[in-house]
Amino acid sequence: RGEKLYLGMDFGTSGARFALINKEGKICAEGKREYPLYMNEETVDWIKSWRTTLFDLLDDIPIILRPAVASISIDGTSATTIIVNSKTGDPLCEPFLYNQSCLEALPIVKAIAPPYHTVCSGSSTLCKLVSWWSSSDDTSSVSAVLLHQADWLLWLLHGKLGVSDYNNALKVGYDPEVECYPPWLLSQPYSSVLPIVQAPGTMIGSMKEDIRTRFGFPKDCVVCTGTTDSVAAFLAARANEPGKAVTSLGSTLAIKLLSTRRVEDARFGVYSHRLDDKWLVGGASNTGGAVLRQVFTDDQLKKLSEQINSEKASPLDYYPLISVGERFPVADPKMEPRLYPRPESDVDYLHGILESIARIETKGYNLLKELGSTPVDEVFTAGGGSKNEKWVRIRERVLGLPISKAVQTEAAYGAALLALKGASP
Ligand code: ADP
């Protein structure tokens, strides 16, 4: 009795999770579910799968904690798009998945958008919208609304159609700086389909009565706008000040830096998400842990790493990639992987690879600064590579800044922080 709790849900690429936190950010319950596979004739029925997963996760929340849940927020995969009837909410087509490419729509989008805009990619939400619009008849177009995965899941809980957040809406063309859709988009016939947009973590309304009573959530339980899964993962690390960054070192290397200035450069795939009065600047390299797995087993990685002298700079200069091409911090689609010469000692070889990836990380932060972002002053790190303490030490030496393991890295935790924000404006 008394303490309020905040629920975050993450709908990622491989499954969904929830995190229930108190106002100090302590986790009171968490859980995960894989997406069940439902078929719709030949194709996967994602609508049914996501809906089932949402309610299964709500069922997984301990019953005694449910009356304390003050608010809910959800993140979803970026550019996963659902177009529904604006009166009933019934889907008007199969959902478009985050990585689905609508190349046939790209020339149409490029003809209306400014050069190098984030919508100018075959998998952007706008290409998906244009693709759907071109193939649908007028009657259904008139009464349609576009939702992102997170918007749609939240709608199941609050029942107000047509609400999104400015992180999800970035790839449909929304301008978070001026807080509206640009004129080149509003002048299109399908602009009537675009959702209204709020800041992530904004209260949308009360939870629907039937859902509230079915699960035992309190009368004043509210539903708040969400974000994308990668922004939610950044929020989880609570790197809340400009200059704080999160390096995610999984199969690939991704850096995200909180900045007072918005930075964009299409050549390097660099763009910014708005976070209230700040900007989350990001870049992603093709280097990362996947290369390590090609050379060593995880067990070898552990044992060899222990023998590395992390205080000593490795003279080996590699560019570890698993295939040709790099985008950030060097834009070169023809760049060849460079992992030679291989020294006799495996310890030296691994040291060279780890040190080379650390140099690429540093180069990434330097590039963001050159492009105009707030300079990095502290790095939190996440992903499989962050477990390697020797590597963290090498990276600190190369970068010349403190690096520590992020305490929380789950996107569901970041979504719970948005729920907390929305419940206590
Ligand atoms: P994903 O991007 O696939 O989600 P993870 O965050 O799970 O990746 O991290 C997996 C990566 O972590 C693998 O590519 C692997 O090479 C790397 N990794 C695992 N153990 C270690 C280790 N001890 N040192 C360095 N890297 C490691």
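Just so you know, these numbers come straight off a predicted model, no measurement behind them. In each ligand, atom 1 is the first atom listed, and ligand 1 is the first ligand listed.
Using modelled atom types, one side-chain atom of Lys390 and one backbone atom of Glu306 make a donor-acceptor pair closer than 3.5 Å.
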Go through Val231 and Leu275 one step at a time and tell me if the side-chain contact (heavy atoms from CB on, under 4.5 Å) criterion holds. CA-CA 9 Å; Val231 171; Leu275 289 175; 3.9 Å; yes
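Close placement of the Tyr318 and Tyr349 rings is indicated, their centers lying within 6.0 Å of each other.
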Using a 3.5 Å cut-off on N/O to N/O, what pairs does ligand 1 make with the protein? A line per pair would be great.
{"residue": "ligand 1", "atom": "2 (O)", "partner": "Ser251", "partner atom": "N", "Å": "2.9"}
{"residue": "ligand 1", "atom": "2 (O)", "partner": "Ser251", "partner atom": "OG", "Å": "3.2"}
{"residue": "ligand 1", "atom": "3 (O)", "partner": "Ser251", "partner atom": "OG", "Å": "2.6"}
{"residue": "ligand 1", "atom": "6 (O)", "partner": "Gly384", "partner atom": "N", "Å": "2.8"}
{"residue": "ligand 1", "atom": "8 (O)", "partner": "Ser251", "partner atom": "N", "Å": "3.4"}
{"residue": "ligand 1", "atom": "9 (O)", "partner": "Gly384", "partner atom": "N", "Å": "3.2"}
{"residue": "ligand 1", "atom": "14 (O)", "partner": "Gly289", "partner atom": "O", "Å": "3.0"}
{"residue": "ligand 1", "atom": "14 (O)", "partner": "Ala290", "partner atom": "N", "Å": "3.3"}
{"residue": "ligand 1", "atom": "16 (O)", "partner": "Gly289", "partner atom": "O", "Å": "2.8"}
{"residue": "ligand 1", "atom": "24 (N)", "partner": "Asn388", "partner atom": "ND2", "Å": "3.0"}

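Side chains of Trp132 and Leu92 form a contact here, defined as non-hydrogen atoms less than 4.5 Å apart.
Of all the heavy atoms in Val193 and Trp133, the pair that sits closest is CG2-CZ3, 4.3 Å.
Both the sub-6.0 Å distance and the 45° axial angle are not jointly satisfied by Arg51 relative to the ring of Tyr38.
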